[in-house]
There are 2 protein chains.
Amino acid sequence: MVSETETTTQPRIPLNKERVFRAAIAIADEGGIESLTMRRLAEHLGVEAMSLYYHVDNKEAVLDGVIDAVMSEVEEATGGFDPPTDGVDWQIALRERILTARRVMLRHPWAVGVFETRTEISMLTMRYFDALLGLLREGGFSYDLAHHAMHVLGSRSLGFAQELFSDNPDDADEDAAAMLEQMADKLPYLAGMMMEVAHDDPDSTLGWCDDQTEFEFGLDLILDGLERLRTKA
Amino acid sequence: MVSETETTTQPRIPLNKERVFRAAIAIADEGGIESLTMRRLAEHLGVEAMSLYYHVDNKEAVLDGVIDAVMSEVEEATGGFDPPTDGVDWQIALRERILTARRVMLRHPWAVGVFETRTEISMLTMRYFDALLGLLREGGFSYDLAHHAMHVLGSRSLGFAQELFSDNPDDADEDAAAMLEQMADKLPYLAGMMMEVAHDDPDSTLGWCDDQTEFEFGLDLILDGLERLRTKA
DNA sequence: ACCTGAACACCGTTCAAGT
DNA sequence: ACCTGAACACCGTTCAAGT
């Protein structure tokens with residue numbers, strides 16, 4: 001009970017939301033989102049699991065906070081969600097902004113999936129989308145077309161296209177040949193495609209797709225289509 | 001030990017994979033994918049949880065089987081994944097097929113999410129994508145462009161666009177007005193869009209988006225873009 | 001061949017209690 | 001103000017044992 005003011009035993013920094021969210025992101029980055037448990041999170045912070053509930057309502061609140069933190073990384077990367085820089089072509093500006101967001105999201109590949117499960121959208125997140133909408137408006141879009149545009153872009157507006165097939169490089173190599181065998185009759189077109197790829201680039205297998213290239217291809221296809229609709233209307 | 005051959009006590013039908021997958025789908029349809037647990041699944045089948053493991057390796061295998069079952073619903077709905085009906089415009093054929101798949105997927109909204117977590121792709125699933133690829137090829141696409149096309153379509157090729165924001169109709173109505181208030185300065189473009197919508201259709205609020213309309217808008221935008229690239233090349 | 005009881009190592013969360 | 005122990009109601013899964 002005596003004052004032990006200046007003992008150097010453990011800094012004794014109390015927990016706070018910031019530190020909780022940071023630790024959560026670090027865990028998810030390292031082991032995937034399914035490795036993020038309240039117990040593991042507490043452990044990383046040198047604390048018992050129950051202590052987390054003093055700072056945070058529940059796990060959902062952790063996920064909300066984590067998404068908000070990721071969005072502020074995006075904000076930092078884009079240099080703020082300011083009003084659109086006028087004068088510059090909307091298509092170039094939007095493309096640039098989305099690719100910047102992508103650079104952040106690639107550091108947290110689990111984030112889009114979590115994003116989609118959110119029921120509350122933070123102010124920061126809304127400001128991101130408001131800024132995108134602003135780029136479209138200032139680029140000459142009607143609200144109606146801009147609204148459609150946001151829907152078409154979907155998760156692509158965050159720089160992330162959910163890949164339907166995550167290429168698993170393990171199997172791809174080992175039985176690619178055996179697969180091509182039975183593909184030839186049952187899956188003629190996939191077989192044909194693979195054979196052409198194999199011909200053009202003998203070293204490649206099923207895992208040949210380049211995510212960044214495909215992302216940009218899809219993004220440009222959509223942006224071009226939108227520009228066409230904009231000028232037509 | 002005496003033969004009680006014809007006692008009418010409980011039909012005593014042994015479990016099998018088919019019944020397990022069917023029950024799993026029913027549970028997910030009713031309560032969402034997170035309500036699908038091995039224990040609940042067993043209960044639905046009038047059996048102990050451990051009994052499932054006699055018929056199925058683990059929960060992952062259940063999910064694999066469930067996706068395969070959904071894909072066979074798609075197959076039935078499209079009348080088989082046959083070689084493309086030649087002569088008919090690729091764009092119309094592909095659009096039709098995807099919208100048919102969508103009708104099935106809307107009955108199992110959780111399915112796309114599960115699909116994305118699969119590491120093994122079933123033969124039936126591959127045949128679906130082979131058929132889509134076939135439609136493109138027969139429509140005059142190079143393998144290279146067709147491959148890009150599959151990437152752009154992504155989960156849309158299954159009839160499902162992952163909605164970034166699931167409109168929650170609860171909050172939308174109650175504090176839409178209050179929200180517009182502070183939106184006006186911090187979220188100028190979103191506010192402007194809402195105000196225009198409110199003006200055009202006074203009864204509507206944030207939950208005004210029509211998923212089917214937006215899906216078809218996006219699909220057509222992409223298909224048109226692909227056709228343009230096809231003829232240009 | 002098919003099913004089960006008991007058990008294990010995990011979850012998220014509550015609540016009364018400690019400092 | 002901040003943290004914890006003990007406990008609860010859940011998970012998926014194994015394994016030896018029952019019929």
Checking [X] side chain against [Y] main chain: does a donor-acceptor pair fall under 3.5 Å?
X: B/R97; Y: B/L132; value: no
X: B/R22; Y: B/A69; value: no
X: B/K186; Y: A/M126; value: no

How does DNA chain D look in dot-bracket form if you count Watson-Crick and G-U pairs under 3.5 Å, write [ ] for pairs that cross, and put | where a base pairs with another strand?
||.|||||...|||||.||

Is any side-chain N of the basic residue among A/D64 and A/R118 closer than 4.0 Å to the acidic one's carboxylate O?
yes

Salt bridge check, B/E48 against B/R39: does any charged N sit closer than 4.0 Å to a carboxylate O?
no

Less than 4.0 angstrom between a side-chain N/O of [X] and OP1 or OP2 of [N], yes or no?
X: B/H55; N: C/dC3; result: yes
X: A/S51; N: D/dC2; result: no
X: B/Y54; N: C/dC2; result: yes

Quick check for you: to the nearest 0.5 Å, what is the distance between B/M193 atom CE and B/L187 atom CG?
10.5 Å

To the nearest 0.5 Å, what is the distance between CZ on A/R103 and OG1 on A/T78?
10.5 Å

Please tell me whether A/F160 and A/F115 form a close aromatic pair, meaning their ring centres lie under 6.0 Å apart.
no

Within the 4.0 Å limit for protein heavy atoms, which parts of nucleotides 5-19 of chain D are touched? Write it as a string from 5' to 3', B for base, S for sugar-phosphate only, - for none.
BB----BBBB-----

